[in-house]
Amino acid sequence: MFTVIGERINTTLKKVQAAVAERNAEYIIDDVKKQDAAGATYIDVNAGARIGHEEADMRWLLEVVQSATQLPLCLDSPDPNILEMAYGLVNKKPLINSISLEGDRFESMMRYLAGKDCRIIALCMDDSGMPKSIDDIVGRARSLVAELEKIGFKRDDIFIDPLIQPMSVDIRNGGIAMQAVATIVSELPGVHITGGLSNISYGLPQRRIINRCFLAMMIAHGFDSAIMDPLDKDIMALMTTADMVKGNDNYCMKYIKAVRAGKIVA
Ligand code: THG
């Protein structure tokens, strides 16, 4: 099953930031209900944009979001203290976003994760920064999976994020991501692969068509989750269709169900 991480509860988005600042629960509840109805698997919650307010904003958001949905949450913060607090407030096994191989953060996140009942997004980032090649991504994925397995994580609970970088920055970025995904899927069977889909189109016009095209190509290489906007009907239709064509949808049942529900109209 493709895992859709609904990205819309993020204080970098101006409307969400305003709703959080005003403690406008109605706006948040409405958005979360829409993401749930549209087929999100997790609701990502990121309260990082209002400097100095992350802890209070996260606390408030977790209560409001969980009043609106039964879906599990994806807790999105680089700060282990915020994640510790958030872990204590969720009703369902969460997806922790994220761990990476960066020095200090790696050690504190490993301490944080030991013994917790959660799934985890692992970023292919280390002290030298963003990955520059397929080998960089695959090597970091291997280290992350080995370290997480050492502390008891099962592969089904690990989501590798290869760190999708914009085409506008380097025309090789799409190909690097696709080849890295294919290699990770064959070398580390059982792990999931996710990433921020819209990173690919940053800085270019007509971003949505780039995102759609890229999602289909990534699914062809084994991508089985994305951080994306589930209210974008075209991208959701694309996801269901590409996942079926890839062979992940027995008897095309999910595809046919989505067509019958009016979710796919070609
Ligand atoms: N990997 C992981 N986590 C992530 C990211 C990633 N979390 C945050 C981010 N990247 C994914 N979340 C979002 C949320 C909203 C938007 C994009 C990514 C978004 N952006 C619009 C844009 O870029 O044009 C609108 C911005 C605005 O309105 O201000 O909607 O890569 N593990």
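Just so you know, these numbers come straight off a predicted model, no measurement behind them. Order of appearance sets the numbers: ligands from 1, and atoms from 1 within every ligand.
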Under the salt bridge (charged side-chain N to carboxylate O under 4.0 Å, His left out) rule, what pairs show up with a residue in residues 200-209, not counting sequence neighbours?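 Residue pairs passing salt bridge (charged side-chain N to carboxylate O under 4.0 Å, His left out), neighbours aside: R208-D232, R208-D234.
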Listing request: all salt bridge (charged side-chain N to carboxylate O under 4.0 Å, His left out) pairs with a residue in residues 30-41, at least two apart in sequence or in separate chains.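 Every salt bridge (charged side-chain N to carboxylate O under 4.0 Å, His left out) pair that includes a residue of residues 30-41, provided the two are not neighbours, is R8-D31, D30-K34.
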Using 30° and 60° as the class boundaries, would you call the ring planes of Y87 and Y112 parallel, tilted or perpendicular?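 Aromatic pair Y87/Y112 classed perpendicular.
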Could you pull out every N or O of ligand 1 that sits under 3.5 Å from a protein N or O, with the distance for each pair?
residue, atom, partner, partner atom, Å
ligand 1, 1 (N), D161, OD2, 2.7
ligand 1, 3 (N), N97, ND2, 3.0
ligand 1, 7 (N), D76, OD2, 2.9
ligand 1, 23 (O), R207, NH1, 3.3
ligand 1, 24 (O), R207, NH1, 3.1
ligand 1, 31 (O), G196, N, 3.4
ligand 1, 31 (O), N199, ND2, 3.1
ligand 1, 32 (N), N97, OD1, 2.9
ligand 1, 32 (N), D161, OD2, 2.9

Between the side chains of S128 and R140, does any donor sit under 3.5 Å from an acceptor?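 Note: S128 and R140 side chains meet the donor-acceptor criterion.
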Could you work out, with salt bridge (charged side-chain N to carboxylate O under 4.0 Å, His left out) as the rule, every residue matching E102, not counting sequence neighbours?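 Partners of E102 by the salt bridge (charged side-chain N to carboxylate O under 4.0 Å, His left out) criterion, ordered by chain and then number, come out as R105.
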Donor-acceptor contact present, side-chain D127 to main-chain G103, <3.5 Å: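 Such a contact is found between D127 side chain and G103 backbone.
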